[in-house]
2 protein chains.
Amino acid sequence: MNPVENKQFERELGERLATSGFRFTSQRRQVYDVLLQKLDHPTTEDVFIRAKRKMPDISHATVYNCLDALVQCGLVRKVQLERGATRFCPNMEEHAHYYCDECGEVFDVSLPAERPSVPQPRGFKVDHYEIAVHGLCADCAGKKK
Amino acid sequence: MNPVENKQFERELGERLATSGFRFTSQRRQVYDVLLQKLDHPTTEDVFIRAKRKMPDISHATVYNCLDALVQCGLVRKVQLERGATRFCPNMEEHAHYYCDECGEVFDVSLPAERPSVPQPRGFKVDHYEIAVHGLCADCAGKKK
DNA sequence: CTAGGTGCAAAAGGTTTGCGGTTAA
DNA sequence: TTAACCGCAAACCTTTTGCACCTAG
């Protein structure tokens, strides 16, 4: 990231945090940065390891805290794809996750603007949709044959 | 369940298990029975507690094992709705889950036969879809106002 | 008879919590 | 200045594993 992008990035993140009543901290900046560096839906543990490379003193609890703050201020989505750890992605567009049950890789696929009309329980107030498609990616499907 | 239904139920379960190479055991029967008794998407812990009422010696590990077997032979679906424990439902029709983030209640909604054409990653071999809608149920939405 | 399943207990993995010290606003 | 946040460590909850005994096929 060049110095100009950098400044821009910091201001936007700071504003977003402030709007939701959170403070801007170097740890939150680092955690968000990690998520943007590689859009591979890392787990909290992954984020912890990557953040630690640049910020050796950061703790597990802080990473959990930071991810929570980022989710609450709408910069990051929490995704539950398998039994294991929660994963995170900074892609806030409506999209589905194609998840390979073999290698664990995740592919984002944008959803068409038109949604099919699905009946819904009376009075239910929708917050967000989560659409996951499980299966095998091209590589793993090939190897299995 | 009357004696006739009972026999029927047992034979079908036994066949399904056998087809996938599993043995028919009283524990698996009990666990499946628990899931059919109340279609409220219980967690493994819930299933354990309910099964224990009729079968006091059943263990946690066995409940996990039984649920796994039932999932593998296509009688039960595994659902991941929140951070917490995995939930299970014996409804094998294609359906979406409306999940109340306040009280945790789950509502099944059948999906229309026609699916919108969503683009998908090249070569991806789909196994199953998981569609969860998060929000507030009518009761909780009312209380929050 | 015997491979697979069960029960138990212990461990592993992920997440949350409590607390004293630090820092952004 | 001070409420919010951080790091640490311990607790907690869910799931997995190893092993001796048991049982369906």
Side-chain angles (χ1 to χ4, degrees), chain A residues 10-11 13-32 34 41-73 76 78-88 104, chain B residues 10-11 13-34 41-73 75-76 78-88 104:
Chain A
E10 223 162 67
R11 216 199 55 229
L13 173 56
E15 277 170 13
R16 266 309 188 94
L17 286 166
T19 308
S20 303
F22 290 105
R23 289 193 185 159
F24 175 90
T25 67
S26 56
Q27 289 84 351
R28 285 179 181 157
R29 197 226 134 101
Q30 180 60 42
V31 165
Y32 189 42
V34 162
H41 304 75
T43 64
T44 315
E45 185 64 22
D46 296 331
V47 175
F48 175 64
I49 292 167
R50 294 178 201 173
K52 218 172 165 67
R53 287 208 276 266
K54 291 260 178 90
M55 191 178 268
D57 280 348
I58 200 169
S59 75
H60 231 126
T62 297
V63 170
Y64 274 91
N65 170 331
C66 291
L67 287 168
D68 230 59
L70 293 172
V71 168
Q72 276 187 58
C73 66
V76 169
K78 202 187 298 177
V79 192
Q80 209 94 61
L81 291 167
E82 348 106 90
R83 285 202 213 201
T86 309
R87 291 153 166 268
F88 296 88
Chain B
E10 224 163 67
R11 216 200 53 230
L13 175 55
E15 277 171 13
R16 265 313 187 93
L17 286 166
T19 308
S20 304
F22 290 104
R23 290 190 184 161
F24 176 90
T25 68
S26 57
Q27 289 86 349
R28 285 179 181 158
R29 198 226 133 102
Q30 181 59 44
V31 165
Y32 189 42
D33 200 46
V34 161
H41 304 75
T43 63
T44 315
E45 184 64 23
D46 296 331
V47 175
F48 175 63
I49 292 167
R50 294 179 202 173
K52 218 173 165 67
R53 286 206 277 265
K54 292 259 177 87
M55 191 178 268
D57 280 348
I58 199 168
S59 75
H60 231 126
T62 297
V63 170
Y64 273 91
N65 170 330
C66 292
L67 287 169
D68 230 59
L70 293 172
V71 169
Q72 277 186 58
C73 65
L75 287 168
V76 169
K78 202 186 297 178
V79 192
Q80 209 94 59
L81 291 167
E82 348 108 90
R83 285 203 212 199
T86 310
R87 290 153 168 268
F88 295 87

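All heavy atoms count here, side chains included; hydrogens, waters and symmetry mates do not. Bear in mind the structure is a predicted one, so any value in this text is a computation, not a measurement. First the proteins, then the strands, lettered A, B, ... as listed; each starts at 1.
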Distance-minimising heavy-atom pair for [X] and [Y]:
X	Y	value
A/A85	A/E82	O-OE2, 3.6 Å
B/Q72	B/S20	O-OG, 4.2 Å
A/K78	A/F88	CG-CE2, 3.7 Å
B/Q27	B/M55	CG-SD, 3.8 Å

Mind calculating the distance between [atom1] ([X]) and [atom2] ([N]) to the nearest angstrom?
X	N	atom1	atom2	answer
B/M55	C/dG5	CE	C1'	13 Å
A/K52	D/dC6	NZ	C1'	13 Å
B/R87	D/dT14	CZ	C1'	14 Å
B/D46	D/dT15	CG	C1'	15 Å
A/Q30	D/dG7	CD	C1'	16 Å
A/L67	D/dC5	CG	P	15 Å
B/E10	D/dA24	CD	C1'	13 Å
B/K78	D/dT14	NZ	P	16 Å

message = Looking only at the side chains, is there a donor atom on one of B/T62 and B/N65 sitting less than 3.5 Å from an acceptor on the other?
response = no
inquiry  = Strictly below 4.0 Å: does B/Q27 bring a side-chain N or O up to OP1 or OP2 of C/dG7?
reply    = yes
request  = Compare side-chain N and O positions of B/S59 against OP1 and OP2 of C/dG7 and report whether any pair is under 4.0 Å apart.
outcome  =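 For B/S59, the contact criterion (side-chain N or O under 4.0 Å from OP1 or OP2 of C/dG7) is met.
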remark   = Taking C/dT6, D/dG7, D/dC5 as options, the one with an atom nearest any side-chain atom of A/I58 is D/dG7
key: Closest listed nucleotide, where the reference is the side chain of B/R28 and the choices are C/dG7, D/dC5, C/dG5   = C/dG5
message = Can you build the contact string for nucleotides 13-18 of chain C? Use B for base contact, S for sugar-phosphate-only contact, and - for no protein heavy atom under 4.0 Å.
response = -SBBB-
request  = Spell out protein contact along nucleotides 19-25 of chain C as letters: B when the base is contacted, S when just the sugar-phosphate is, - when no protein heavy atom is under 4.0 Å; keep the 5' to 3' order.
outcome  = ----BBS
Side chain to side chain, A/D46 and A/T43, heavy atoms closer than 4.5 Å = yes
query = Just how far is it from atom CZ of B/R16 to atom CZ of B/R28, taken to the nearest 0.5 Å?
reply =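 It is 15.0 Å, given to the nearest 0.5 Å.
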key: Atom pair CD/CZ of A/Q80 and B/R83 - distance to nearest 0.5 Å   =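 Nearest 0.5 Å value for the CD-CZ distance: 8.0 Å.
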request  = Please collect all ring-ring contact (aromatic ring centres under 6.0 Å, His included) contacts where either partner lies in residues 13-33 of chain B, sequence neighbours excluded, each pair once.
outcome  =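 For residues 13-33 of chain B: B/F9-B/Y32.
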